[in-house]
Structures are given as C-alpha cells and as structure tokens.
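See structure below.
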Number of protein chains: 2
Amino acid sequence: MSALDGLEVRRTTTAQQLADGLSERIMAGAFGPGDRLRESAIAAELGVARNTIREAVRILELTGLVRYEVNRGAVVIAPTPEKIEALYTARERLETAAIARTPRPEQLKAITTAFDDLREAARTGHGIVDRDLAFHQQIVALLDSTRLDEFFASLTKELRFYLTVLSKSETPEEVVAEHEAIVEAIRLGDRDRAVAEIRAHVDVSVQRLKAMLA
Amino acid sequence: MSALDGLEVRRTTTAQQLADGLSERIMAGAFGPGDRLRESAIAAELGVARNTIREAVRILELTGLVRYEVNRGAVVIAPTPEKIEALYTARERLETAAIARTPRPEQLKAITTAFDDLREAARTGHGIVDRDLAFHQQIVALLDSTRLDEFFASLTKELRFYLTVLSKSETPEEVVAEHEAIVEAIRLGDRDRAVAEIRAHVDVSVQRLKAMLA
DNA sequence: TACAGTTGAACTGTACTACAGTTCGACCCA
DNA sequence: TGGGTCGAACTGTAGTACAGTTCAACTGTA
C-alpha cells in the first residue's frame with residue numbers, strides 16, 4: 001500500500017475505450033449472436049475513423065466475444081451445442097481440480113461470502129447469474145493460479161454472453177440448493193463429495209442449457 | 001474423411017500472413033524480449049501499409065507474444081521470475097489434474113509415442129525442447145477438453161519463447177529419465193505416483209529456469 | 001561532476017481518402 | 001424451382017497527414 005495507490009493518469013487509447021464500450025453493448029444484447037459488426041456504420045455513429053474501429057474490434061477479439069471471418073469482418077460469436085459442451089467440459093475439469101484442494105481459511109471465507117451473496121441475490125431475484133458465476137470463480141481460485149483464474153474468467157465471459165442471449169433464467173431455489181450442497185461439502189472437508197457435487201452441478205447446468213438450444 | 005479433405009482455397013489475409021511471419025521471426029529470436037516492433041520500419045521493409053502492420057500486430061497479440069503499451073506500440077514480452085512462476089503453476093495444476101485421470105488406450109499410446117519421440121530427439125540432440133513440450137501437451141490431452149488443450153498450447157508457446165531467448169539447453173539424459181518415470185507410473189496405473197512425478201518434474205523445471213534468470 | 005531543464009527526432013494514435021475484390025440478396029430467366 | 005446475373009454494401013489494404021508522446025542528446029548551472 002503506497003501513498004499513491006489508485007493515483008493514475010488516464011492512460012488509454014480511443015480504440016481501447018471503443019473496445020470496452022462495444023464489449024458492454026454486446027454483453028447487453030445490443031448485438032445478437034452471429035451479427036456482423038459493420039465498420040462504417042459504427043465509425044459514423046461514434047464519430048471515429050474506420051481504422052480505429054478496426055483496432056477496437058481486434059482488441060475485442062482478445063476477449064473472445066467476436067471472431068473475424070475473411071471478407072465478412074467481425075462476427076459476434078454464437079452458441080452451439082458443441083461450444084457449450086466444450087465450455088462446460090473445461091469448467092468441469094478446472095472446478096473439480098480446484099475443489100479437490102484443501103482451501104486455506106481466507107479461501108474458504110471467500111467462497112462462503114460468494115455463496116451468501118448468491119443467496120441474497122436469489123432472495124431479491126436480481127443478479128443471480130452473476131453471483132452464480134462469481135461463486136464458481138472463487139472455486140477456481142482454490143487452484144492458486146492467476147493464469148487459470150484469468151482463463152476461467154474468459155470462459156465465464158463467454159458463458160455469460162450465451163446465457164444472456166438465450167435469456168436463461170435460473171430458478172432461485174434450485175440454484176441456492178445446489179450451491180449450498182457444494183459449500184457444505186467443502187466446509188466439512190469432504191473433498192470427494194465436493195467433487196461429486198460440483199460435477200453433478202455442472203452436468204445439470206449444461207444439460208439444462210443444451211435443452212434450451214433445441 | 002471426405003474425398004475433399006485438405007482441399008481448400010487459399011483464404012487468408014495479408015495481415016494474417018504478416019502475423020504468422022512475425023510470430024515465426026519472434027520465436028526464432030529475431031526480436032528479443034522487450035524489443036519494440038516499429039511499425040514504419042516493418043511496413044517499409046515488407047512493402048505493406050502501416051495500418052496493415054498494425055492489424056498484424058493486433059493479431060499477434062492474440063497469441064500472447066507481444067503486448068501493447070500506450071504510445072510505445074507493440075513490445076515483445078519478457079520473462080520475469082513472476083511470469084515464469086505463474087506459467088509453471090498453471091502447468092502444474094493442469095498436468096496434475098490430467099494425469100490423475102485414467103487414460104484411454106489411444107491416449108496411453110499417444111503419450112508413449114510422444115515419449116519415444118522425445119527419447120529419439122535426445123539421442124540425436126535435435127528438437128528436444130519441442131518434443132518435451134509435445135509430451136506434456138499429450139498429458140494435458142487426458143483432460144479431454146479442447147478448450148484446455150488450446151489454453152495449454154498458448155502457455156506452451158509463451159514458454160517456448162522464454163526458453164529460446166534464455167537459450168535454455170536441456171541435458172538429454174536427465175530429460176529422458178524424468179519423463180520415463182512419468183510414463184512408467186502412468187503405464188502401471190499408479191496415479192498417485194504419476195501425480196508426484198509430474199509435480200516433481202515441473203518443480204525442478206521451474207527452479208532450473210528461474211536460476212537462469214538470476 | 002552531477003543534475004535539472006530543454007530540445008528535437010522518431011514514433012504512435014488517429015483521421016481521412018481511395019479502390020480493388022468479395023459477399024449476398026434481389027432480380028431475372030429458363 | 002432452380003440456376004444465373006447484377007449491383008449495392010462492405011471488407012481489406014494502401015497511402016497521406018498530423019497532433020501528441022517518448023526518449024536520448026544536448027545545454028546550462030550549481
């Protein structure tokens with residue numbers, strides 16, 4: 001903690017700001033899956049040059065929300081059963097590996113807090129999905145690997161988008177119950193059961209989601 | 001296998017080709033860590049427009065070999081103890097999770113083959129590092145997750161670069177011995193030992209590498 | 001000699017214009 | 001109905017321009 005913490009000159013480029021803005025819009029559903037991001041239109045609307053937009057979109061590509069197709073430009077990613085499956089498989093592997101580890105006290109506390117937040121969100125009915133994902137991020141944090149944390153966050157971002165466009169709604173009671181089982185197993189130090197609970201939870205989630213695609 | 005497998009029209013952009021070319025050059029050590037990629041110079045030398053180079057470099061950014069700094073442009077990543085540590089931690093988590101799984105026959109075969117390749121490379125003295133990394137990629141493949149395979153591949157690419165610039169040379173005997181122990185444990189189905197061997201191997205590797213940084 | 005201040009060349013970030021090649025839907029024709 | 005043609009819209013790339021930033025060299029000063 002330095003006396004200058006948080007003091008920082010605004011150091012960002014136009015393209016970066018555009019990328020952030022576009023990311024928000026996409027996450028909010030302003031562009032649907034499969035939609036093309038037309039450069040001239042966006043450039044004109046936002047009053048910037050087209051090459052700046054191009055740079056912004058290339059930055060966006062880093063987050064995985066869009067991909068480039070030759071001569072078609074940037075296209076918003078679209079959920080397919082295969083992608084959903086691959087995404088959840090990666091999640092399952094990471095989360096089971098994570099939960100098999102013995103949590104340090106502060107990690108256990110972070111998980112507990114995340115669960116409390118989730119329960120509160122379920123009660124009010126707002127932000128359930130985000131709390132759900134945040135909870136799982138804390139699980140993965142058990143791995144003590146920043147690189148894996150970041151990777152999981154990118155998976156989460158992608159998943160978050162899919163959930164939004166599929167307008168997947170979670171039933172609060174089920175969500176809380178399933179996560180409570182996980183937290184309980186962790187608290188008891190029953191790692192085998194924790195692994196089983198996580199696996200079951202992820203499996204159920206992917207099945208529910210894939211059902212929505214059909 | 002269709003009758004048209006492999007038939008494909010050349011569908012790539014100039015920027016993509018430039019990105020591939022630059023990637024090769026960087027991996028080959030043409031640019032050292034911390035070096036800036038000066039746009040005008042590259043553009044002039046290769047006979048393309050500067051904005052095309054910019055696009056190429058943004059694509060390069062996807063692979064993690066360079067990062068952008070405001071008003072300084074693209075900079076080749078540089079190894080630091082922290083980065084090495086983080087990279088190996090992620091590796092260790094993924095590989096131990098992978099090796100704890102029971103391999104299917106074809107997976108066992110792939111691992112065995114990768115080990116044979118490594119041994120052969122050690123004998124001739126060529127391409128040891130690449131075979132080493134390829135072996136570990138096969139280990140991670142046990143997770144049956146394409147997303148994790150891809151993520152691991154990106155870690156590998158980064159690590160490969162660090163090894164090159166640090167001109168890390170591996171002693172063939174040690175390398176073969178350590179990997180043989182891993183393969184043996186897998187073959188015997190002794191997963192606990194396999195996990196221990198992998199962990200030891202990764203730990204030793206990172207220690208060796210970090211020693212070179214000092 | 002050490003150090004603060006100034007200056008200028010090199011370079012990045014962004015804008016603007018231009019155009020060849022590609023895509024894709026609309027229209028047409030058999 | 002299916003294939004073929006056409007044109008508007010758009011991407012990929014080139015090229016020019018310029019304000020703002022960086023950084024190393026130079027200068028002056030204590």
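Within every chain, numbering begins at 1; the chains are lettered A, B, ... in the order of the sequence lines, protein sequences first and strands thereafter.
- Both tests do not hold together for B:Arg131 against B:Phe115: distance to the six-membered ring centre under 6.0 Å, angle to the ring axis within 45°.
- Taken residue by residue, residues 62-73 of chain A places heavy atoms nearer than 4.0 Å to DNA chain C at A:Asn71, A:Arg72.
- Rounded to an integer number of Å, the gap from CG of B:Asp35 to C1' of C:dC11 is 15 Å.
- Side-chain N or O atoms of A:Glu95 include none that pairs as donor or acceptor with a backbone N or O of A:His136 at under 3.5 Å.
- Remark: P of C:dT23 and CZ of A:Arg36 are 10 Å apart, rounded to the nearest angstrom.
- Remark: side-chain polar atoms of B:Asp35 are paired, donor with acceptor, to backbone N or O of B:Gly32 under 3.5 angstrom.
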Item to complete: Produce a footprint string for nucleotides 13-18 of chain D: one letter per nucleotide, 5' end first; B if the base is under 4.0 Å from any protein heavy atom, S if only the sugar-phosphate is, - if neither.
Response: BBB-B-
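- Side chains of A:Tyr162 and A:Glu158: a donor on one and an acceptor on the other come within 3.5 Å.
- Between the B:Arg101 side chain and the B:Leu142 main chain, a donor and an acceptor come within less than 3.5 Å of each other.
- Under the ring-ring contact (aromatic ring centres under 6.0 Å, His included) criterion, B:Phe135 pairs with B:His179, not counting sequence neighbours.
- When rounded to the nearest whole Å, the span between CG of A:Leu37 and P of D:dT11 equals 9 Å.
- Rounding to whole angstrom units, CG of residue A:Leu46 and C1' of C:dA15 are separated by 15 Å.
- Base pairing of C:dA20: its partner is D:dT11, meeting the Watson-Crick or G-U wobble criterion (both donor-acceptor distances under 3.5 Å).
- Straight-line distance from the CD atom of A:Glu39 to the P atom of C:dT17: 16 Å, rounded to whole Å.
- The nearest whole Å value for the distance from the CD1 atom in B:Ile42 to the P atom in C:dT12 is 9 Å.
- At least one donor-acceptor pair under 3.5 Å links the side chain of B:Arg36 to the backbone N or O of B:Arg72.
- In this model, no donor atom of one side chain and acceptor atom of the other lie less than 3.5 Å apart for B:Gln207 and B:Asp203.
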